[in-house]
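Structure first, commentary second.
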Amino acid sequence: MTTDRYNSREAEPRWRKVWDAQGIFATRNDDPRPKYYVLEMFPYPSGRIHMGHVRNYTMGDVVARYKRAMGFNVLHPMGWDAFGMPAENAAMAQKVHPKAWTYDNIAAMKKQLQSMGLSLDWAREFATCDPSYYKHQQKMFLDFLKAGLVERKQSKVNWDPVDQTVLANEQVIDGRGWRSGALVEQRELTQWFFRISDCAQDLLEEIDRLERWPDKVRTMQRNWIGRSEGLLVRFALDPKTAPNGETELEIFTTRHDTLFGAKFMALSPDHPLSLAAAKKNPKLAAFIAECKKIGTAQEAIEKAEKLGFDTGIRAIHPFDPDWRLPVYVANFILMDYGTGAIFGCPAHDQRDLDFVNKYRLGNVPVVCPPGQDPKTFVITDVAFDGDGTMINSRFLDGMTIDEAKEEVARRLENTFVPFDGRPYLSPPAGRGRPPEQSEGGQVRGSSRDSEPAETPPHPDPLPASGEREANRPVGRRQVNFRLRDWGISRQRYWGCPIPVIHCETCGVVPVPDKDLPVTLPDDIDFDKPGNPLDRHPAWKHVACPQCGKAARRETDTMDTFVDSSWYFARFTDPWRTDTPTDRAMVDAWLPVDQYIGGIEHAILHLLYSRFFTRAMMKTGHIGMKEPFAGLFTQGMVVHETYRRPGGEWVIPAEVRIETIGDQRRATLAATGEPIEIGGIEKMSKSKKNTVDPDDIIESFGTDTARWFMLSDSPPDRDVIWTEEGVQGAWRFVQRLWRLVGETAEIGKAAPAARPAAFGADALAVRKAAHKALARVSEDIEKLRFNRCIAHIYECANAMSGAIGDIDAPARVTPDLAFAMKEAADILVRLFAPMMPHLAEECWAALGHQTLVSLQPWPKLEESLLVEDTVTLPVQVNGKKRADVTVARDAANADIEAAVLTLDAVKRALDGKAPKKVIVVPHRIVNVVA
RNA sequence: GCGGACGUGGCGGAAUGGUAGACGCAAGGGACUUAAAAUCCCUUGGGAGCAAUCCCGUGAGGGUUCGAGUCCCUCCGUCCGCACCA
């Protein structure tokens, strides 16, 4: 019928127009079919899509199109994660307004995405910077505030004194701001926090039920939450040695079994007792100041030597009133974990051992490894943290570690020492408590923290009465989490305004619902450092909604992770204006059946979304707590790098590669200058190893790009973009087009009704097609796209082979013609999810009047997968020697007899009788000599 | 340091404990062509042999098993995440 080349440039836009005109990808909320929600992580509108987007959105589109063919009502939406720093950076660098920059980028990227032919419901599109979106986010913030899920507290931040802004840890490079180069300071700022740590236990437990998540991500989240079970222990202090006569110090430990190996106590430099002692000791104050200089830079912390300073304070061992322990301030103790204080057992903790070896405090081993003689067991440079038997530990001697922990906990829980006065420090609120102890329903943010300046850094949740204090036991079991509360305040313009008003009289007052959204002012400037909202002449000045007096708006905006923590819920009914979600819709569509995105979001985005969904459930906006039932993390797109011998990177488009024998050689296409071929790395602007999707789509069409993105590597691994690979995909596009053309010609001889019998060659074609169908279906379900593609190649190869065997037109019998047409109809539908435009063109060429995008998935004939005879490999002692073909239902004894007559088997047995013959039906025969 | 993943031809990669190398790329040979491109056919893990066929082979070494790329142990290497979390 046709031997023309397939013209993707002409065909692809034509089919997209047809899809658009018929609106076939619009999803109705009232469709009665079973739902399927497939979502790819929405993009940041940087201005152009990159190959990573092509890969991500192609995978999602394959799933969407397949599930649609399987009869599901598929929701496959797209939007924009549109707030964030790059817009402000662009504003500063190019004098464009963040809003204009963002919406221009969205328009450009939308055009690019549309050229990919993705089966998206664009009617549901929104950007998180649309006031119609963030209005609801502000409403939920206020709901969360009311529900006790939000609080305001002080927290340390990286402050850039030049830019007058807060920096994320990754923006601090060698202790300096990434933009200004100024030395970064540690500042205490009052900020808004989501109380995610209250959910730590639940977030951890539910990970077990996220069965369709990668184990890797589940492990990462578990580690991030970091649950540990331990004991809070109150050490009495010798009041004569304490700066203000303090009487106790509370520490957290998970190794209470090693209490008899204690050599010292250590406090964080930020611990109140450290600060109190420093007031009376200038040298200590200087030491603490030195500790703070190290800052938060990752590397500095890693390399820092363990340093301490003896405060002169002495603590009393809980099991021995005569045992005094020196209290140090040490630079490696974190204030925001546990109580900010520890006891040091050097023999069984490397950090503590390093510390005592420096300050010559000695060590006593209290756990003896199996097989070691306790009398000679000593620790010098390497702490022992394995399992063993307790020694040198009085009543614990001979116990296992677990028994000792239990015994110590039991004894200290039942010990009540009459401390006279308040404990020096109790665990900070908001962490370190089992969730069931948290008080729910209280409006923390507005009630307690109305005067931010007076908020104590670590409010004491325990009653102050001395009587109750005396009744507290010395030890208390405690579950601690590494997970910190989620600080959402950002001193930025381009983010969702936090909808509260600060009033001198009334404190923190929520913006009334009727005044939502609090919108960003447009007339801002980026000429000066700092937050443009804060220095805007008018925006922040408002009347207090409660008392009417002059008040000021909160000028901080929300972390952009908040925006992306519920967009998936909004997609279910984005048109709704009065509430964030329609409960019927959101509960029907969620959870997302298949979420697809990059591994870089394994922790923060996914954990925040899980928390946010719980918070929405508590405030009635949704009926479940887990938003994503299935998660898939795809690998990156990587590419070879090229550079001039001088060192300057060169983009792939300018490089010509030649292959001479096994050697690859690169030259600059324009000048012939030699180019060095470097390593294969993630596509990045700095290494210039990027390939522009637009260029590929322009020259080969989007179907070729989509096919190649799926074909070469398992989807969860990195894929190497190569020119040869794209060429291969392009050749296959043309080959399919020719194959379908030839098949359509042959198919003209097909009878309308299915023949009663098929000849051998016709049957072989049918078997190949149905085998491919079975395998492609299974592999799409499991997102193994690279294998789907191999099966499609096999099917095409089988059909080409059948055509090649036809040496004269007369050989085309009606049954073969029918089989070929049937196979082509199956083949086209198999690759339609991957290459939808080519599939439409082929479907039409096969004489169909319908759209392949609307066709049901082909129906499998199971009987074609079953062979009458099976060919079994025959092994002798596990080595393959021959094949034997037997009837499918042959008895094992018959197979055994047949195998023993084979020449190869006789030869291998060398005349001896076999010891045993193992027949695994339909699988293999193994003769044991 | 802790945790996790991975290691298979020249390359990307296949393989419910059951024929290792599917499928693709690259390479070599051939057909068609004045020639090239495109297309089609053949070969392609290593070694021995004219051949039938045989030997070796999934990072290294052990083990379990009739049978191990796959399961277990030790080691080596690569990658990723977390990192002074008491």
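Protein chains get the first letters and strands the later ones, always in sequence-line order, with residue 1 at the start of each.
- Residue-level contact check: Thr722(A) touches neither bases nor backbone, having no heavy atom under 4.0 Å from any strand.
- If you check distances only, the side chain of Lys915(A) never reaches the base of rC66(B) with a donor-acceptor pair under 3.5 Å.
- Rounded to whole Å, the distance from CH2 on Trp721(A) to P on rC25(B) is 15 Å.
- Closest to the side chain of Pro873(A), out of rG13(B), rU19(B), rC82(B), is rU19(B).
- Environment of NZ in Lys906(A): crowded, with over 12 heavy atoms of neighbouring residues, nucleotides or ligands closer than 6.0 Å.
- If you check every strand for non-hydrogen atoms under 4.0 Å, Glu794(A) touches sugar and phosphate atoms only.
- A salt bridge is defined here as a Lys NZ or Arg NE, NH1 or NH2 lying under 4.0 Å from an Asp or Glu carboxylate O, and Arg738(A) with Glu742(A) fails to meet this definition.
- Formation of a donor-acceptor pair under 3.5 Å by the Ser197(A) side chain with backbone atoms of Ala200(A) is not found in this model.
- When the nearest nucleotides of RNA chain B are assigned to Lys216(A) and Phe343(A) by heavy-atom distance, the more 5′-ward of the two goes with Lys216(A).
- At the heavy-atom level, Lys879(A) lies under 4.0 Å from the strands shown only through sugar-phosphate atoms.
- Distance from the side chain of Glu724(A) is smallest to rA26(B) among rC23(B), rA26(B), rA86(B).
- No contact: Asp349(A) has no heavy atom under 4.0 Å from any strand.
- In the set rG3(B), rC23(B), rC84(B), the nucleotide with an atom closest to the side chain of Lys306(A) is rC84(B).
- Closest to the side chain of Ile603(A), out of rG12(B), rG81(B), rA26(B), is rG81(B).
- Residue Thr253(A) is classed as a sugar-phosphate contact, given heavy-atom separations below 4.0 Å to backbone atoms only.
- Using a 4.0 Å heavy-atom cutoff across all strands shown, Asn877(A) reaches no nucleic acid atom at all.
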